Amino acid sequence: MAEVYNHREVEEKWQKVWDDEKAFKTSDDYSKPKYYALVEFPYPSGQGLHVGHPRPYTALDIVARKRRMQGYNVLYPMGWDAFGLPTENYAIKNHIHPKIVTENNVVRFKNQLHSLGYSFDWDREINTTDPNYYKWTQWIFLKLFKAGLAYKSEMPINWCTSCKVGLANEEVVNGVCERCGSEVVRKVKSQWMLKITEYADKLIQGLDTVDYVEKVKVSQKNWIGKSTGAEVDFSIKDKEDKLRIYTTRCDTLFGVTYMVVSPEHPIIDKYQAELKNWDEITAYREQAARKSDFERAELAKDKTGVKIDGMTAINPVNGKEIPIFISDYVLMSYGTGAIMAVPAHDERDWDFAKKFNLPIIEVVAGGKNVQEEVYTDVATGTLVNSGFLDGMNVADAKKKMIEFLEEKGIGTAKTNFKLRDWVFSRQRYWGEPIPIVHCEKCGYVPIDESELPLELPEVESYMPTDNGESPIALMTDWVNATCPCCGGPAKRETDTMPQWAGSSWYFLRYTDPTNTEALASKEALEYWMPVDWYNGGMEHTTLHLLYSRFWHKFLYDQKVVPCPEPYAKRTSHGMILGSNGEKMSKSRGNVVNPDDIVRDYGADTLRTYEMFIGAFDLSASWSEDGVKGCRRFLERVWKLQDIMTDGDDYSKDLEIKMHQTIKKVSYDFENLKYNTAIAAMMALINEFYKKNAVTKGEFKTLLTLLNPVAPHITEELWQAVGFEGRVYQTTWPEYDEAKTVESVVEIAVQINGKTKATLNIGKDDPKDEVIAKAKEVIADKLTGTIVKEIYVPGRIVNIVQK
RNA sequence: GCUGGUGUGGCGGAAUGGCAGACGCAUCAGACUCAAAAUCUGACGAGUUCACGCUCGUGCGGGUUCAAGUCCCGCCACCAGCACCA
């Protein structure tokens, strides 16, 4: 009788063995086939790990461990994405330097991860706040700057009128400042921008070459939002100026009954003197300035706007005079900041026209009364009331109209993207300094590469200044510099980079984390890149994933990296919710700390449960009872020692089951179906217990299959039973396809699609024979005329009778 | 409002168009125990029947098919993200 399963003893023992043996150190032997598995590195927050973190880490740990058993040289690294707002705010509140806060949090996180038995190669740990790391983040920025992809632009920031600081979107709650509850307005500030839009097409095209889960591809495509349409100039009555609009529906130009410009549109200020309702316009603009783009969207149900009194436009295709409105549903940041409105065929325009009593002219006929209901179907409609377009379908009309516009010189075909350039500066302390100086004579000048890393200065207070500058701006010693260009006095850029910067290239650094000459050696990059499998949260699909692909593509163009896409495969995991089905959060009181689960049930139980909890890509609710069930499963595995019999082979009656299980587990581990892989192993041990016996060979296979999920207990049993070496060094079991199929199968016999009986047949029995047998079994129920007989081999017989 | 996703027993969830509910939890019954816990064995979608059975059943309404949780059309609810994208 073996001892009872003491998870604490077992887990501590094997974690120490793995550390001592450097069990999961990545080899520098580039002759072996490589496998690079990557999970998004965490932000080391003060709360420590929560139970959502281990889900993706365990999933790819399973893949990494399996790959090692299959003979690959595996890179499965971990690090810290440690710059950013929460740490800075914590530092301000508690008067501890963010560097210290980060160090403490990292220690805590690392201990927690270690206690879960992950096979990370800790020798390759990285930290984005380490100057040796951010030296290369700055180096990439300089490359971007020199390539003309970094530029300065006036951009609005959230400005708290009371705290007098810029706020992140996250810090603005319901339009007021999170800290003080005062009003937040949008204030324009000169910001560093990165021209991600330059790569918009490449970022879309690249998606065809990678293996991402479909919804991630769709999100990226929609976010980039390529659209083809036309820019058209509308004359302003009695003025030189034209109002340029962008439209995807130039076929509907004859249906334009008014125009709308964004409240920020420069044309308004230009003709201020001639506008008769300036006060009304000003009031509306002030109101709009208080809203974020998102709030504008949210409040969109009730359209607002003001008619510009004193300025009208001329529809270029029919010469009609039309009114111009300002409304905040038109954004300055997309297109030209002005639109033509076709209420008959655009939902927002229709709503707006109804509210302001504007005419609705049908130009695409499709059977609906456009006075009652908007008609937006482009597939079946026919052009009407549209002069030379009448009778055409929408697609032809678009082409014809573009020809016409270009011929007359009033418009051109134009591709547009939703994607905007990346606002790259933050008026904050805890980020990478931007390695630029500003010289009165030479303008913005990059510092020399030899001066990198440009280290963050030690400051007394991290509090943003009341004029909206970064706290670093108060450090005159640091700020005053000499211009690398003319040698004259210059001032350093005091804004810092956003948190996204460090995470946009970290996967490159893991391949060669201590290199001082380059962000990584050519050899390391050529061997390891691209990442073979990258898993992360859906919430990072549009920002982090897109930003890092952008940087990678840029570095590829700069010949720094050897491949155009950083990640060959991308999957994403679902969130772990509290036991009440809500998002885990302190305020809801439903947070589960993994430390408690590790202490009470063990890391192996936690790992097993997190994989068994449900479909990997869907969210799942936490259940302590579910944890217990997984613990029970491991106990049952433990107690298999007691019923183990000699024999290296599989027993005859379980041979098929063994081969089926190896096949299923192997397949499921590769396809995000960890829950059914574990279910298959549970079903297998249920078979052992039914027989009250497990052969040595069967046990060995089970331990190997289970090892990636529950590495400690399997290693302990492996040793206890007397198998050689370590499980983690063993070879992944193989199966024989021929032995996964039962020779006798039970099939269902149906009449008109309803199962009436079952029948045992040989798997290769001919159709006629099977149907004859089936008819015998249900003879008493065959009372009508048989019209059809269907046999799906090995599955089902269906007799259709009338 | 837009985009993406999800709806299956008491619960978490399984199901290449082919016997819905694998596996687990909870519950109930039995075994073991002085007893409880643990463990082991069995039952476990709903209605109906003494029973063999029969009928219904995968958010709702239609459709395709010999056969639909799965495919198509139209809805509803919930979750997540968001930059009203012209």
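Order of the sequence lines sets the chain letters (A, B, ...), proteins ahead of strands, with each chain counted from 1. Values below: every heavy atom of this structure, side chains too, minus hydrogens, waters and symmetry copies. In this text the structure is predicted, and so the values were computed from the model without any measurement.
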Sugar-phosphate means primed atoms, P, OP1 and OP2; the rest is base. With that split, encode nucleotides 67-72 of chain B 5' to 3' as B, S or - using protein heavy atoms under 4.0 Å. ------

How far does the [atom1] atom of [N] sit from the matching atom of [M], given to the nearest Å?
| N | M | atom1 | value |
| --- | --- | --- | --- |
| B:G17 | B:U55 | P | 28 Å |
| B:A20 | B:G53 | P | 15 Å |
| B:U27 | B:A37 | P | 11 Å |
| B:C32 | B:C40 | C1' | 8 Å |
| B:G13 | B:U6 | C1' | 13 Å |
| B:U3 | B:C54 | P | 48 Å |
| B:G69 | B:A36 | C1' | 44 Å |
| B:A46 | B:C28 | P | 16 Å |

Please work out if [X] contacts a base, only the sugar-phosphate, or nothing of the nucleic acid, heavy-atom cut-off 4.0 Å.
| X | value |
| --- | --- |
| A:Gly629 | sugar-phosphate |
| A:Glu746 | base |
| A:Asp617 | nothing |
| A:Ser219 | nothing |
| A:Val792 | base |
| A:Leu419 | base |
| A:Thr758 | base |
| A:Thr541 | nothing |

If we ignore hydrogens and angles and just use 3.5 Å, is the side chain of A:Tyr547 paired with the main-chain N or O of A:Trp422 as donor and acceptor?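 Answer holds: no.
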
Tell me whether A:Arg607 contacts the main-chain N or O of A:Ala710 through its side chain, where contact means a donor paired with an acceptor under 3.5 Å. no

Does B:G9 fall in syn (glycosidic angle within 90° of 0) or anti?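 Syn conformation for B:G9.
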
Glycosidic conformation of B:C44, syn or anti, with 90° from 0 as the boundary? anti

When rounded to the nearest 0.5 angstrom, what is the spacing between [atom1] in [X] and [atom2] in [Y]?
| X | Y | atom1 | atom2 | value |
| --- | --- | --- | --- | --- |
| A:Gln220 | A:Ile204 | CD | CD1 | 10.0 Å |
| A:Ile339 | A:Ser262 | CD1 | OG | 10.5 Å |
| A:His573 | A:Ser619 | NE2 | OG | 11.0 Å |

I want to know whether A:Tyr609 and A:Trp622 have ring centres closer than 6.0 Å. yes

What is the distance, to the nearest angstrom, from the [atom1] atom on [X] to the [atom2] atom on [N]?
| X | N | atom1 | atom2 | answer |
| --- | --- | --- | --- | --- |
| A:Tyr258 | B:A86 | OH | C1' | 11 Å |
| A:Gln220 | B:A83 | CD | P | 16 Å |
| A:Leu684 | B:C23 | CG | C1' | 13 Å |
| A:Asp328 | B:A83 | CG | C1' | 14 Å |

Distances under 3.5 Å between protein N/O atoms and the N/O atoms of nucleotides 12-15 of chain B, please, pair by pair.
| residue | atom | partner | partner atom | Å |
| --- | --- | --- | --- | --- |
| B:G12 | O2' | A:Ile613 | O | 2.9 |
| B:A14 | OP1 | A:Ala615 | N | 3.2 |
| B:A14 | OP1 | A:Asn675 | ND2 | 2.9 |
| B:A14 | O5' | A:Asn675 | ND2 | 3.4 |
| B:A15 | OP1 | A:Lys673 | NZ | 2.7 |

Holding to ring-ring contact (aromatic ring centres under 6.0 Å, His included), I want the full list of residues that pass it with [X], two or more places apart in sequence or in another chain.
| X | value |
| --- | --- |
| A:Tyr334 | none |
| A:Phe356 | A:Phe325, A:Phe352 |
| A:Phe633 | none |

Mind checking salt bridge (Lys or Arg N to Asp or Glu O under 4.0 Å) for A:Asp346 and listing every partner two or more places apart, or none if nothing turns up? A:Arg348

For A:Lys690, check salt bridge (Lys or Arg N to Asp or Glu O under 4.0 Å) against everything at least two apart and list the hits.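 Salt bridge (Lys or Arg N to Asp or Glu O under 4.0 Å) check on A:Lys690 returns A:Glu687.
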
Does OH in A:Tyr667 sit with more than 12 non-hydrogen atoms of other residues, nucleotides or ligands closer than 6.0 Å? no

Between A:Asn222 and A:Lys628, which has a closest nucleotide on RNA chain B that is more 5'?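 The residue mapped nearer the 5' terminus is A:Asn222.
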
If you pin A:Ala679 and A:Met575 to their nearest nucleotides in RNA chain B, which one's is more 5'? A:Ala679

Where do N or O atoms of nucleotides 38-45 of chain B meet protein N or O atoms at under 3.5 Å, pair by pair?
| residue | atom | partner | partner atom | Å |
| --- | --- | --- | --- | --- |
| B:U39 | OP1 | A:Arg632 | NE | 3.4 |
| B:C40 | OP1 | A:Arg636 | NH1 | 2.6 |

Under the criterion salt bridge (Lys or Arg N to Asp or Glu O under 4.0 Å), I'd like the reasoning laid out for A:Arg55 against A:Glu40: C-alpha separation, chi angles, the key distance, then a yes or no. CA-CA 12 Å; A:Arg55 196 182 198 189; A:Glu40 286 175 342; over 6 Å; no

Please, what dot-bracket string fits RNA chain B when only Watson-Crick and G-U pairs with both distances under 3.5 Å count, crossing ones use [ ] and pairs to another strand use |? (((((((..(((.....[....))).(((((.......))))).((((....))))..(((((..]....))))))))))))....

Can you find a side chain N or O atom of A:Lys583 that sits less than 4.0 Å from OP1 or OP2 on B:G81?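 Answer is yes, contact under 4.0 Å.
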
Report yes if at least one side-chain N or O of A:Lys788 is closer than 4.0 Å to OP1 or OP2 of B:C66; otherwise report no. yes

Using the side-chain hydrogen bond (donor to acceptor under 3.5 Å, both in side chains) definition, which of the options A:Lys775, A:Gln801, A:Lys767 pairs with A:Glu789? A:Lys775

Under 3.5 Å, which donor-acceptor pairs link side chains of residues 247-256 of chain A to any protein atom two or more places apart or in another chain?
| residue | atom | partner | partner atom | Å |
| --- | --- | --- | --- | --- |
| A:Thr247 | OG1 | A:Arg249 | N | 2.8 |
| A:Arg249 | NE | A:Asp251 | OD1 | 3.1 |
| A:Arg249 | NE | A:Asp251 | OD2 | 3.4 |
| A:Arg249 | NH2 | A:Asp251 | OD2 | 3.0 |
| A:Thr252 | OG1 | A:Arg249 | O | 2.7 |

Taking all non-hydrogen atoms of both residues, which atom of A:Gly794 and which atom of A:Ile747 are closest, and how far apart? C-CG2, 3.6 Å

Taking only Lys NZ, Arg NE, NH1 and NH2, and the carboxylate oxygens of Asp or Glu, determine whether A:Glu635 and A:Arg631 approach each other closer than 4.0 Å.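 Salt bridge present between A:Glu635 and A:Arg631.
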
For nucleotides 27-32 of chain B, tabulate all protein N/O to nucleotide N/O atom pairs closer than 3.5 Å, reporting atom names and distance.
none

Could you work out, with side chain to side chain donor-acceptor pair (under 3.5 Å) as the rule, every residue matching A:Thr758, not counting sequence neighbours?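 In terms of side chain to side chain donor-acceptor pair (under 3.5 Å), with neighbours along the sequence ignored, A:Thr758 is linked to no residue.
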
